[in-house]
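Here, residue 1 is the first one in the sequence, and each next residue gets the next number.
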Amino acid sequence: LAREWKEGFADSVMLSDLIVEAFHEAHTYHPGKKIAQLAFNKNVAPWRITGDQKALRHAFSEIILNALQANPDDPNVAVSIEEGKPGEQHVLNVEVRDSGAGFSAEAAERAQEPFFSTRNVGLGIGLTVSRRIIESHHGRIEIPPSQLGEPGIVRVSLPLAN
């Protein structure tokens with residue numbers, strides 16, 4: 001995953017299928033006692049992105065795993081996808097929402113730094129790797145700070161396939 005990605009990705013990837021695969025992958029690494037739940041309408045528009053399918057699945061798996069770890073007693077993840085707003089043509093916005101306590105201002109700012117973590121599990125490189133993969137696909141990742149009592153949110157924007 002540390003390799004450099006080049007232009008000319010060959011895979012045309014159905015984003016909804018990728019999200020479901022990433023959730024199942026993340027769930028296998030989640031040691032929670034309660035079965036994790038994914039709230040996601042798989043029958044959304046059949047949007048496709050172009051990229052390295054394995055790398056993108058790994059990026060979303062890391063994001064979803066963090067969401068599952070945010071509240072191990074109630075590991076619920078909600079994912080929504082929508083087409084970009086005017087001015088963001090040909091972009092898909094993916095929002096991953098957890099059931100935890102959210103990101104403090106400091107955690108939101110530092111979450112994508114290598115080896116930064118607010119937990120005592122993991123190495124703190126999952127979101128760093130996710131950011132690198134997403135950016136190599138001409139996308140961006142955003143982690144806004146949460147208000148008190150609100151869940152954590154990770155937003156990913158990726159270009160639509162032509």
Are Leu68 and Tyr29 close enough, and set up right, to give a side chain to side chain contact (heavy atoms under 4.5 Å, CB included), and what steps lead you there? CA-CA 10 Å; Leu68 293 173; Tyr29 295 105; over 6 Å; no
Starting at [atom1] of [X], measure out to [atom2] of [Y] and round the result to the nearest 0.5 Å.
X	Y	atom1	atom2	value
Arg97	Ser146	CZ	OG	8.5 Å
Asn93	Ile81	CG	CD1	10.0 Å
Leu18	Ser61	CG	OG	10.0 Å
Arg155	Ile141	CZ	CD1	12.0 Å
Arg131	Ile63	CZ	CD1	11.5 Å
Trp47	Leu92	CH2	CG	6.0 Å

Heavy-atom closest contact (Ile134 atom, Ser157 atom, distance): CG2-O, 4.2 Å
Under the side chain to side chain contact (heavy atoms under 4.5 Å, CB included) rule, what do Val156 and Phe60 come out as? Steps first, then yes or no, please. CA-CA 9 Å; Val156 176; Phe60 280 103; 3.9 Å; yes
For the pair [X] (side chain) and [Y] (backbone), establish whether a donor and an acceptor sit closer than 3.5 Å, ignoring hydrogens and angles.
X	Y	result
His137	Leu158	no
Asp98	Ala70	no
Ser99	Asp74	yes

[X] and [Y]: same hydrophobic cluster, using ILVMFWY side-chain contacts below 4.5 Å?
X	Y	value
Leu56	Leu65	no
Ile133	Met14	no
Val94	Ile153	no

Is it true that atom CD of Glu135 has more than 12 heavy atoms of other residues, nucleotides or ligands lying nearer than 6.0 Å? yes
Show, in sequence, the C-alpha distance, side-chain angles and deciding distance for Val154 and Asn66, and conclude whether the side chain to side chain contact (heavy atoms under 4.5 Å, CB included) test is met. CA-CA 10 Å; Val154 175; Asn66 276 355; over 6 Å; no
Starting from the C-alpha separation in whole Å, work towards a yes-or-no answer on side chain to side chain contact (heavy atoms under 4.5 Å, CB included) for Val77 and Phe40. CA-CA 8 Å; Val77 177; Phe40 175 62; over 6 Å; no
Does the side chain of His90 reach to within under 4.5 Å of the side chain of Pro159, using non-hydrogen atoms? no
Just one of Glu25, His24, Glu62 clears the side chain to side chain donor-acceptor pair (under 3.5 Å) bar with Arg57, so which one? Glu25
